Number of protein chains: 2
Amino acid sequence: MFHKETEYALRGLVYIQQQNELGHRPGLAEIAREIDAPGFYTGKILQRLVRQGFLTSRKGKGGGFGFGRDKPPLPLRDLILATEGNKILTGCAFGLKECDQDHPCPLHYRYAPIRNALNDLVATATIQSLAGSLAASVPPAREKPDIGSNPDKNIN
Amino acid sequence: MFHKETEYALRGLVYIQQQNELGHRPGLAEIAREIDAPGFYTGKILQRLVRQGFLTSRKGKGGGFGFGRDKPPLPLRDLILATEGNKILTGCAFGLKECDQDHPCPLHYRYAPIRNALNDLVATATIQSLAGSLAASVPPAREKPDIGSNPDKNIN
DNA sequence: CTATTAAAAGACAAAAAGGTCTTTTAATTA
DNA sequence: TAATTAAAAGACCTTTTTGTCTTTTAATAG
Ligand code: FES
Ligand code: FES
C-alpha cells in the first residue's frame, strides 16, 4: 500500500507518541530498533519530518524526538501527503492522468468508493489515536461488517 | 495505487479485448498510441504477458495481439499478481511483516475492510467486463452509496 | 523465393526508492 | 571549559522501476 518511507514514518511517529505519553523522549537508536527499521534511513526520515514541522528534536545528552504538548493531533493524511504525495489518495486506478468523474475509467465506479474509504480513514485516524491502544486499533463493534460484495471471502 | 507497469497492462489488455470484439487484432504501435503509453516499454510488458500465457501474439504482416476465443475471462487479480505481486492485496498498511489478525497493527481493523473491498473488486472485475462498457464501468445503481464514515466528503 | 512487416529478445540507461556511512553541529553534564 | 552524547547534514551507494533502442526471428504477401 504505502511506500517504505511512509511505513517507517507511521511506525516511528506512533512509537514516539506512545513513549511521550509515558514521559519519555526516545532517541533515534531506540526508535529504529523498536519499530524494526534501518537506523540511518529512519534518521533521515525523522530529520525530514522535523524540518517539515511534524515533530521536534533535541540534540545532545537526553536528546531525542517528541511532539510539543500543544500540538494538535496529526492526521495520517498530512503525513502521507508530505512523504509520498497524493497518488494513492486521488489517483486513477486505471492510470488516467487524473480521475475525472465526468470521464470515468472502466474501474471508476467501483474503485472510487474504496479510495474514498481510504481517504476517510487517513483523514480521521491520527498518530495520537493510533498511539493510544484505543480508538482506531479496536474492532469497531461490528456494525458495518465489510465492504466487498463477497462477504464470505473477507477477513477482519 | 498500482505500478505503472500494471496500469499499462490493464489499459493495454482492455484495449486489445475491445478491438478483438470488433474483429481487429491491434499491433503494438497502435496499442501504445491508443492507451497513451511508451511504445517500447509497452512492447516489453505485452511480451512478458504473452510468455505468461495471458494473451497471444502473431508476428509479421497482419500480426498483433489478441485473446484466444476459448479463453475464460481474466480477473484483474491474476494480472496484478503476475505483474506486481501481492503486497497491495495482502500487505499490512503499517508495514508489519505480515497482516496477522491475531496480532493486528493499529490500523488493521479499519484498513482490512478496505483491502477486502479491493480484493473483491479485482477478483470479480475482468479484462472482458471492463472492455464491454457495461458491468464494471456503469454506476451500480446507488445501493451501497459509499464506504467511508464521512459520506459528505465522498465523490463517486 | 524475396521483400516487407511486426513481434521477440535483450542490452542499455535514466529516474526513483531504499539504504549506508562519515562529518558536523548543538546540547548536556561533569 | 572539556568530554560526551545525540541529532543534522549530506555524500555516496544499491536496488527497483521505468523507459529506450538495436538486433533477431518469424510470419505473410507478392
Ligand atoms: S477515472 Fe479512473 S478511478 Fe476515477
Ligand atoms: S496487521 Fe496491519 S493491516 Fe492487518
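We use all heavy atoms of the structure for the numbers below, so side chains are in, but hydrogens, waters and symmetry mates are not. We name chains A, B, ... by the order of the sequence lines, and we start the count at 1 in each one. Keep in mind that what you see is a predicted model, and the values were worked out from it rather than measured.
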Has B/Gln128 got a side-chain atom pairing as donor or acceptor with B/Leu74's backbone, closer than 3.5 angstrom? yes
For A/Leu130 and A/Ala125, the nearest pair of non-hydrogen atoms, with its separation, is CD2-CB, 4.4 Å
message = Under a 4.0 Å threshold between the charged nitrogen and the carboxylate oxygen, would B/Asp36 count as salt-bridged to B/Arg11?
response = no
Does a side chain donor of either A/Gln18 or A/His24 reach within less than 3.5 Å of an acceptor in the other side chain?
no
What residues 21-38 of chain B contributes to the DNA chain C interface at heavy-atom separation below 4.0 Å is B/Gly27, B/Leu28
B/Tyr41 has its side chain closest, among C/dG19, D/dT20, D/dA8, to D/dT20
*Is any NZ, NE, NH1 or NH2 atom of the basic residue among A/Asp120 and A/Arg115 found under 4.0 Å from an Asp or Glu carboxylate oxygen of the other?*
no
* Asked: Distance-only, no hydrogens or angles: does the B/Glu84 side chain make a donor-acceptor pair with backbone N or O of B/His3 under 3.5 Å?
  -> yes
Is there a donor-acceptor pair under 3.5 Å between the side chain of A/Asn20 and the backbone N or O of A/Phe67? yes
Atom CD of B/Glu5 and atom P of C/dA16 are separated, to the nearest Å, by 18 Å
Under a 4.0 Å heavy-atom cutoff, the residues of residues 55-70 of chain B touching DNA chain D are B/Lys59, B/Gly60, B/Lys61
Does some side-chain heavy atom of A/Thr56 sit less than 4.5 Å from a side-chain heavy atom of A/Phe65? no
- Message: For a 4.5 angstrom cut-off between non-hydrogen side-chain atoms, does A/Cys92 reach A/Glu98?
- Response: no
Carboxylate-amine/guanidinium contact A/Glu7 B/Lys87, below 4.0 Å = yes
With the side chain defined as heavy atoms from C-beta on, B/His3 is closest, among D/dT17, C/dA8, C/dG18, to D/dT17
Say whether, by atom type as modelled, one donor and one acceptor occur between the side chain of A/Asn119 and the main chain of A/Leu89 under 3.5 angstrom. yes
Residues in residues 82-93 of chain A with a heavy atom under 4.0 Å of DNA chain C, by number, are none
Can you tabulate the close N/O pairs, meaning under 3.5 Å, that link protein atoms to atoms of nucleotides 9-11 of chain C?
unit_1: C/dA9; atom_1: OP2; unit_2: B/Arg51; atom_2: NE; d: 3.1
unit_1: C/dA9; atom_1: N7; unit_2: B/Gln47; atom_2: OE1; d: 3.4
unit_1: C/dA11; atom_1: N6; unit_2: B/Lys44; atom_2: NZ; d: 3.2

Rounding to the nearest 10°, end axes of the helix from C/dC1-D/dG30 to C/dA30-D/dT1 built from five pairs each make an angle of 0°
Across all chains, not counting sequence neighbours, the salt bridge (charged side-chain N to carboxylate O under 4.0 Å, His left out) partners of A/Arg48 are A/Glu5
When rounded to whole Å, the NZ to C1' distance for the pair B/Lys4 and C/dA15 reads 13 Å
All heavy atoms of B/Leu28 vs all of B/Gly39, minimum pair found to be CD1-O, 3.8 Å
Less than 4.5 Å apart, side chain to side chain, heavy atoms only: is that true for A/Phe94 and B/Val14?
yes
Any side-chain N or O of A/Tyr8 less than 4.0 Å from the OP1 or OP2 oxygen of C/dG18? no
> Are any non-hydrogen side-chain atoms of A/Thr83 and A/Leu49 less than 4.5 angstrom apart?
Replying inline: yes
| said: Quick one, A/Leu107 and B/Leu76 - any side-chain contact, counting heavy atoms below 4.5 Å? | reply: yes
Rounded to whole Å, CZ of A/Arg48 lies from P of D/dA8 at a distance of 13 Å
